[in-house]
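Below, each value reflects all heavy atoms present in this structure, side chains not excepted, and no hydrogens, waters or symmetry copies. Letters go in sequence order (proteins before strands), and every chain restarts at 1. These numbers were taken from a predicted model, which means no experiment stands behind them.
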Number of protein chains: 2
Amino acid sequence: MREDLPLSTTHEVRDRCLCLQLQRAARSIGRRFDSALRPLGLSHGQFSLLTALNRPEPPLLGAVAELLALDRTTLTANLKPLERRGLVRVESDAVDGRRRRLVLTDAGRDVLVEALPVWRHTHDGIDDLLGSLDSAALRDALSALTWELSREETAAVTAP
Amino acid sequence: MREDLPLSTTHEVRDRCLCLQLQRAARSIGRRFDSALRPLGLSHGQFSLLTALNRPEPPLLGAVAELLALDRTTLTANLKPLERRGLVRVESDAVDGRRRRLVLTDAGRDVLVEALPVWRHTHDGIDDLLGSLDSAALRDALSALTWELSREETAAVTAP
DNA sequence: CAGAATTATGTTGACATCAACTTATTTCTG
DNA sequence: CAGAAATAAGTTGATGTCAACATAATTCTG
């Protein structure tokens with residue numbers, strides 16, 4: 001070990017880094033939902049995306065990207081497999097030609113109706129797993145963190 | 001809206017799904033660290049990986065994958081760009097020919113030494129951002145969640 | 001109202017992620 | 001000790017992720 005990189009540094013990052021802990025937890029829980037949803041041919045991300053599109057008015061691409069805290073270009077990419085399967089349709093907005101509306105098709109709704117009980121069951125299992133841990137508090141903390149980070153991002157761009 | 005897919009379902013998922021909240025938070029914080037580490041040519045994942053390799057004995061591939069809660073094949077892929085840059089070397093284990101040891105090179109240590117203050121500074125900023133929110137408690141909850149999920153995974157495979 | 005600034009999105013290239021399948025070694029069993 | 005079982009990794013193909021750059025449409029300004 002070099003003097004400027006003691007083992008304690010490794011432990012410092014492992015024990016303190018919220019980013020690392022978040023990536024680990026996100027990957028672990030993502031795999032869990034992927035596995036549960038596999039019979040339906042959906043990944044956890046696809047499930048979240050389809051759910052986000054179930055609204056009275058088909059939402060705008062940018063709005064969905066923001067809701068999912070996802071890069072717009074990533075969302076464009078994620079739509080491709082769903083479009084191919086006919087679960088989603090992308091349309092130009094009637095009023096503003098730049099905008100794209102993400103339309104959940106009837107086939108998309110059918111898949112979603114099948115997926116929902118799977119999601120509920122899987123989530124119940126995770127809540128059980130967490131036991132004494134307050135999963136609602138955890139969710140709220142994550143939501144707050146995402147919100148604060150996105151606020152700063154916007155501020156950085158908007159700053160004079 | 002269809003009767004079997006009311007808007008309330010969309011809100012149920014948005015408000016309850018721990019998986020969605022985790023992915024959102026992980027993406028947001030990941031972008032933040034990516035941006036901070038960009039001058040060094042490192043992503044947040046590469047930083048975590050290099051840090052994990054800073055040990056007296058070069059760790060085994062499988063052990064690192066488990067530590068990062070990462071699929072083994074993903075880790076193999078992630079090593080490629082770091083190997084190309086000469087920051088990491090993969091060696092066969094002397095004792096067991098199946099095993100691979102992940103060696104952090106001197107160049108890798110140099111980059112890590114540069115990256116550490118950037119990581120500390122970025123993390124301080126996030127702790128400030130969280131304010132009243134207990135970031136240590138959040139980390140511990142995430143760690144516990146990852147642990148429980150991985151425990152179940154192992155059990156499922158090992159089951160008689 | 002014409003050109004500039006802004007806004008919303010698309011394209012490309014590099015890397016990240018995982019499942020399913022395959023290969024190489026080691027260990028276990030008879 | 002030879003074949004079977006188990007273990008550790010590699011390979012392939014599909015998808016997810018983002019930054020940098022480019023395009024198209026709208027709005028703003030003089």
Side-chain angles (χ1 to χ4, degrees), chain A residues 19 23-24 26-39 41-49 59-66 68-85 87 90-102 153-154 157-158, chain B residues 19 23-24 26-39 41-49 59-66 68-85 87 90-102 153-154 157-158:
Chain A
C19 182
Q23 307 300 326
R24 282 173 21 111
R27 283 191 289 256
S28 299
I29 202 170
R31 276 194 296 266
R32 169 55 89 74
F33 276 93
D34 283 351
S35 153
L37 293 167
R38 185 160 313 125
L42 288 183
S43 66
H44 68 274
Q46 293 175 329
F47 171 77
S48 300
L49 174 48
L60 301 175
L61 190 149
V64 174
E66 193 165 355
L68 302 177
L70 197 60
D71 192 275
R72 289 188 321 275
T73 66
T74 303
L75 178 52
T76 299
N78 293 0
L79 288 168
K80 292 297 162 60
L82 298 175
E83 281 187 270
R84 269 202 300 280
R85 287 173 59 186
L87 308 182
V90 180
E91 295 181 351
S92 286
D93 186 75
V95 177
D96 186 335
R98 295 168 299 183
R99 295 181 172 173
R100 296 290 179 273
R101 298 233 170 237
L102 307 185
E153 244 173 61
T154 311
V157 172
T158 314
Chain B
C19 182
Q23 307 299 328
R24 282 171 25 108
R27 285 192 287 255
S28 299
I29 202 170
R31 277 193 295 265
R32 169 52 100 53
F33 276 94
D34 284 350
S35 153
L37 292 167
R38 186 160 311 124
L42 288 183
S43 66
H44 69 273
Q46 293 175 330
F47 171 76
S48 299
L49 174 49
L60 301 175
L61 190 149
V64 173
E66 193 164 355
L68 301 178
L70 198 61
D71 192 274
R72 288 189 321 275
T73 66
T74 303
L75 178 52
T76 300
N78 293 0
L79 288 167
K80 291 297 163 62
L82 298 174
E83 281 186 272
R84 270 202 299 279
R85 287 172 60 186
L87 307 182
V90 179
E91 295 180 351
S92 286
D93 186 75
V95 177
D96 186 336
R98 294 168 298 182
R99 295 180 172 174
R100 297 288 181 272
R101 298 238 169 232
L102 307 184
E153 245 172 61
T154 310
V157 173
T158 313

### Task
May I have the distance from A:Leu42 (atom CG) to D:dG16 (atom C1'), rounded to whole angstrom?
15 Å
### Length of the CD-C1' vector between A:Gln23 and D:dC18, whole Å
13 Å
### Query
So, is A:Arg84 near the phosphate of D:dT15, with a side-chain N or O under 4.0 Å from OP1 or OP2?
yes
#### Entry: Shortest non-hydrogen separation from A:Ala36 to A:Pro39 and the atoms involved
O-CD, 3.3 Å
#### Entry: Distance below 4.0 Å between B:Asn78 side-chain N/O and C:dC15 OP1 or OP2
no
### Query
Is a side-chain N or O of B:Asp34 found less than 3.5 angstrom from the main chain of B:His44, in a donor-acceptor match?
yes
### Task
Take the protein atom NE2 of A:His44 and the nucleotide atom C1' of D:dT17, then report the distance between them rounded to whole Å.
11 Å
### Task
Would you tell me if any nitrogen or oxygen in the side chain of A:Arg72 comes within less than 4.0 Å of OP1 or OP2 on C:dA8?
no
### Task
Rounded to the nearest angstrom, tell me the gap between atom CG in A:Asp96 and atom P in C:dT6.
17 Å
### Query
Given atom CG of B:Leu79 and atom C1' of C:dT17, what is their separation to the nearest angstrom?
14 Å
### Message
On DNA chain C, compare the nucleotides closest to B:Gly97 and B:Ala69; which residue's is nearer the 5' end?
### Response
B:Ala69
### Query
Just to confirm, is there a sub-4.0 Å distance from OP1 or OP2 of D:dG16 to any side-chain nitrogen or oxygen of A:Gln46?
yes
### Task
Take atom CG of B:Leu75 and atom P of C:dT17, then tell me their distance rounded to the nearest Å.
10 Å
### Message
For the backbone of B:Ala69 and the side chain of A:Arg31, can you confirm whether one donor and one acceptor N or O come within less than 3.5 Å of each other?
### Response
yes
### Task
Provide the closest heavy-atom pair for B:Leu102 versus B:Leu61 in the form atom of the first, atom of the second, distance.
CD1-CA, 4.0 Å
### Query
Between D:dA24 and A:Arg99, is there an OP1 or OP2 to side-chain N/O distance shorter than 4.0 Å?
no
### Query
Is A:Arg100 side chain donor-acceptor paired with the C:dT9 base, going by distance under 3.5 Å alone?
no
### Query
Which nucleotide in the list D:dT17, D:dA25, D:dA19 gets nearest to the side chain of A:Thr74?
D:dT17
### Message
For A:Leu68 and B:Gln23: C-alpha separation, side-chain torsions, deciding distance, then whether side chain to side chain contact (heavy atoms under 4.5 Å, CB included) applies.
### Response
CA-CA 8 Å; A:Leu68 302 177; B:Gln23 307 299 328; over 6 Å; no
### Query
Can you tell me if the side-chain N/O atoms of B:Thr76 get under 4.0 Å from OP1 or OP2 in D:dA9?
no
### Task
Assess whether side chain to side chain contact (heavy atoms under 4.5 Å, CB included) is satisfied between B:Arg100 and B:Val64, documenting all intermediate values.
CA-CA 11 Å; B:Arg100 297 288 181 272; B:Val64 173; over 6 Å; no
### Query
What nucleotide among C:dA16, D:dT17, C:dG10 has an atom nearest to a side-chain atom of A:Thr73?
C:dG10
### Task
May I have the distance from A:Asp71 (atom CG) to C:dA16 (atom P), rounded to whole angstrom?
16 Å
### Query
In terms of side-chain heavy atoms of A:Leu61, which of C:dG10, D:dT17, D:dA19 is nearest?
C:dG10
### Task
Classify the side chain of B:Arg98 and the base of D:dT7 as holding, or not holding, a donor-acceptor pair under 3.5 Å.
yes
### Query
Base, sugar-phosphate alone, or nothing: which one does A:Gly62 contact when heavy atoms must sit under 4.0 Å apart?
sugar-phosphate
### Message
Without decimals, in angstroms, what is the distance between B:Arg32 CZ and D:dA19 P?
### Response
13 Å
### Task
Could you work out which one of C:dA16, C:dT11, C:dA20 sits closest to the side chain of A:Arg38?
C:dA20
### Presence of B:Ser43 side-chain N/O under 4.0 Å of C:dA16 phosphate oxygens OP1/OP2
yes
